Protein chains: 2
Amino acid sequence: MKPKITLKDIARELDVSISTVSKALKNSKEISKDTKDRIKAFAKFYNYRPNNIALSLKNKKTKNIGVVIPDIVHHFFTTVFRGIEKYANQMGYNVIVCISDESFDKEVINMEMLANGSIDGFILSLSAETQRRNDFTHLKELLDQGIPIVLFDRVTNEIECDKVILNDAEIAYEAVNHFVNTGCSKIALITTENYFNVSESRRNGYTEALRSNDIEIDQNLILTLPHEIDNTGLMTKFFQENKIDAVLCVNEIFAIQCMSVVQYLGFNVPNDISIIGFTDGILSRYSSPKLSTIAQHGEKMGELAAKLLINRMESVEVIEEPFKTEIIDATLIKRGSSIN
Amino acid sequence: MKPKITLKDIARELDVSISTVSKALKNSKEISKDTKDRIKAFAKFYNYRPNNIALSLKNKKTKNIGVVIPDIVHHFFTTVFRGIEKYANQMGYNVIVCISDESFDKEVINMEMLANGSIDGFILSLSAETQRRNDFTHLKELLDQGIPIVLFDRVTNEIECDKVILNDAEIAYEAVNHFVNTGCSKIALITTENYFNVSESRRNGYTEALRSNDIEIDQNLILTLPHEIDNTGLMTKFFQENKIDAVLCVNEIFAIQCMSVVQYLGFNVPNDISIIGFTDGILSRYSSPKLSTIAQHGEKMGELAAKLLINRMESVEVIEEPFKTEIIDATLIKRGSSIN
DNA sequence: TATTAACACGAAACCGTTTTCGTAACATTT
DNA sequence: AAATGTTACGAAAACGGTTTCGTGTTAATA
């Protein structure tokens with residue numbers, strides 16, 4: 001066992017001062033070539049690497065980013081995370097992940113934990129509970145302390161910071177329009193409760209599209225479900241009680257469950273009922289028929305979020321740049337579950 | 001904007017020494033109740049929190065765990081990660097994630113980066129390339145430096161450290177046995193190349209089971225495919241050229257693709273062909289028929305890995321405990337894709 | 001009253017870096 | 001020969017904590 005070597009060790013061994021070693025390794029011209037060579041050779045031999053913690057303390061920069069997401073066993077969040085990690089890594093940053101598990105308290109505790117020096121900035125998607133409570137004091141305090149935050153996907157207007165979001169309303173509009181253009185008129189929406197900004201936007205896009213196509217909005221055709229648990233029963237009832245020829249689902253699970261229910265009830269997808277779901281995940285690609293989906297480009301979103309954050313952290317803080325909200329254009333991927 | 005307050009600030013403001021403040025906040029009885037109260041009140045008011053970095057430097061403990069996994073958009077790894085994060089969090093640790101992307105170089109670089117003080121220990125699943133090259137010098141060096149490592153799932157015998165693995169051979173044996181018991185005899189295996197320890201174990205379990213049931217091992221019934229890309233063509237050919245009544249697939253993607261191919265060829269699942277796949281992920285639960293799978297209990301695996309690591313890190317290093325290899329018992333979940 | 005103990009606090013070292021500043025030794029210029 | 005400049009290095013402060021040890025003041029004991 002050979003523990004890590006420090007500047008002090010090198011200095012002692014080579015009978016020079018710590019400062020000399022430090023300078024020599026940074027190729028300072030204050031140090032003679034001879035001494036530099038000796039020190040570098042020694043350092044190389046013993047595989048010297050500066051201690052990150054000491055550097056962090058000195059520089060007041062950790063080169064760590066805190067990522068707080070509601071869930072990790074979740075296609076969209078993992079793709080975003082991959083984008084973040086990729087870009088951060090390229091830029092020399094490491095990523096500390098905390099899972100809020102949709103809980104307000106966990107979100108708060110984790111962020112406060114990390115904020116005490118462990119990270120230089122946050123990338124965050126709000127937990128369900130936080131959105132429901134509409135309480136963002138923890139974020140405000142962190143921003144107040146000068147810690148930059150980038151929100152993605154599940155964002156809020158209450159907080160002024162950089163954000164990356166999807167054009168949810170527009171793409172929902174586009175999807176519904178696609179239904180209309182392929183002959184559908186009894187268009188349903190399966191969604192979650194409205195405290196999610198994304199659900200709200202998607203619902204707005206849905207109603208807007210109906211309106212602009214002069215289709216009356218029937219509240220019975222909007223099914224609001226609890227978050228991503230098995231809702232087969234409710235869905236079955238929904239399709240038995242209503243005449244429906246197209247469904248937009250705000251997530252992949254809903255879409256796949258919906259397809260399964262509809263097929264079980266004897267309908268043909270897409271001829272009797274068209275389905276489009278949000279999130280172009282693995283489920284959509286391996287179902288039959290394959291699900292038409294809305295690709296959210298999570299990886300791109302993650303990269304962008306990381307870029308925004310790192311830019312802000314590394315910008316010379318003289319001119320405070322105004323906060324940006326970047327919008328990612330979702331893509332409607334037409335596959336077998338809709339008429340094309 | 002109010003930046004973080006430090007001990008020094010409190011000391012200056014209250015006209016005491018830094019040591020006094022530190023002691024007061026730790027409730028040392030060296031300090032009089034009066035002074036303690038004053039200091040605590042002040043600290044509370046200004047929301048003082050000790051700086052993690054300073055603590056890390058002092059204590060030579062970061063309370064960070066490095067997790068290095070080949071991929072994150074992957075059901076099994078995310079479940080393991082969730083287990084790690086959950087346990088680590090409970091124990092006051094944070095988790096830094098690096099994605100090796102199945103690349104040897106990334107694995108090495110990331111680990112060396114983190115090893116310079118950023119973390120106290122690693123939890124790692126080997127990248128494909130690392131397993132192929134069979135080069136573990138980076139791990140050996142880290143262990144040599146006294147940094148504990150826990151390997152999970154994709155492990156190697158070349159390295160002495162704590163490990164958590166699945167009883168892959170046994171559960172493959174059990175699955176094949178299940179096929180035999182339900183009347184199958186032309187049992188195929190769809191697997192990946194053998195440099196993965198897990199593929200090897202699963203293949204061994206498969207052949208063992210056949211042998212013990214006096215079924216001849218037909219190499220034509222073992223299909224070796226590249227890693228998780230679309231192999232529909234090869235699979236179709238495989239099923240056209242061979243008489244097969246059951247298939248064991250070493251991952252979920254293979255299983256779902258396999259089912260799709262088989263159904264496309266006009267076979268009924270499970271009556272003509274039974275299918276069992278590894279990984280009880282989201283695909284298996286939403287296919288039709290639902291896939292019979294082998295649940296790997298990723299979350300449990302992650303928790304256990306974290307527990308092993310933290311135990312080792314926190315154990316008084318007097319008696320070096322011997323390295324353990326914990327084995328997680330997989331569960332065969334019988335669903336619609338096999339005869340039960 | 002002199003000695004000792006208890007109390008309450010501060011000084012300083014330490015963790016591992018970086019960086020500013022000071023300076024001894026030598027070289028160059030007037 | 002005196003003044004100045006250069007070279008090559010070391011001392012020390014700083015980052016923000018913890019902890020050991022020393023010490024002045026008061027209280028208790030002999």
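Computed from a predicted model, the values in this text were never measured in an experiment. Numbers restart at 1 for each chain; the letters A, B, ... are given by sequence-line order, proteins then strands. For the numbers below, each heavy atom of this structure counts, side chains included, while hydrogens, waters and symmetry mates do not.
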Checklist entry - Whole-Å distance between dC9(D) P and K33(A) NZ? => result 13 Å
Checklist entry - Got a salt bridge between R82(B) and D71(A), using NZ or NE/NH1/NH2 to carboxylate O under 4.0 Å? => result yes
Checklist entry - Could you state the CG-P distance from L55(A) to dT18(C), rounded to the nearest angstrom? => result 5 Å
Checklist outcome for this item: Per nearest nucleotide of DNA chain C, the residue lying toward the 5' end, D15(B) or R49(A), is D15(B)
Item to check | Phosphate contact (dG17(D) OP1 or OP2) by Y48(B) side-chain N/O below 4.0 Å | outcome: yes
Next on the checklist: Without decimals, in angstroms, what is the distance between I39(A) CD1 and dA8(D) P?
Outcome noted: 13 Å
Item to check | Nearest to side-chain heavy atoms of L57(A), which nucleotide of dC15(D), dA8(C), dT17(C) | outcome: dC15(D)
Checklist entry - For dG16(C), does either OP1 or OP2 sit under 4.0 Å from a side-chain N or O belonging to K60(B)? => result yes
Checklist outcome for this item: Between CG of N27(B) and P of dA8(C) the distance, given in whole Å, is 13 Å
Item to check | Between P of dG17(D) and CG of L25(B), the distance in whole Å | outcome: 10 Å
Checklist outcome for this item: CD1 of I123(A) to OH of Y87(A), rounded to nearest 0.5 Å, is 10.5 Å
Checklist entry - Just how far, in rounded Å, is P of dG16(D) from OH of Y46(B)? => result 18 Å
Next on the checklist: Taking any heavy-atom pair under 4.0 Å as a contact, classify L7(B): base, sugar-phosphate, or nothing.
Outcome noted: base
Next on the checklist: Heavy atoms from C-beta onward define the side chain here; which of dC15(C), dG16(C), dA11(D) lies closest to that of K8(A)?
Outcome noted: dC15(C)
Item to check | Flag for N89(B)-N110(A): side-chain donor and acceptor within less than 3.5 Å | outcome: yes
Item to check | K63(A) NZ to dC15(D) P, straight-line distance once rounded to whole Å | outcome: 21 Å
Checklist entry - Would you say dC9(C) has OP1 or OP2 under 4.0 Å from some side-chain N or O of T35(B)? => result yes
Checklist entry - Below 4.0 angstrom, N of the basic side chain to O of the carboxylate: do R38(A) and E13(A) qualify? => result no
Checklist entry - Whole-Å distance between dA8(D) C1' and L14(A) CG? => result 15 Å
Next on the checklist: Does this structure show an ion pair linking D101(A) with K106(A), if we count only N-O contacts that are shorter than 4.0 Å?
Outcome noted: yes
Checklist entry - Relative to the ring of H74(B), is the ring of F76(B) parallel (under 30°), tilted (30 to 60°) or perpendicular (over 60°)? => result perpendicular
Next on the checklist: Quiz question: by atom type and distance under 3.5 Å, do the side chains of T35(A) and S32(A) form a donor-acceptor pair?
Outcome noted: yes
Checklist entry - The side chain of N51(A) lies closest to which of these nucleotides: dA11(D), dG16(D), dG16(C)? => result dG16(C)
Using the 3.5 Å cut-off, write out each protein N or O paired with an N or O of nucleotides 19-26 of chain C and the distance between them.
| residue | atom | partner | partner atom | Å |
| --- | --- | --- | --- | --- |
| dT20(C) | O4 | K23(A) | NZ | 3.3 |

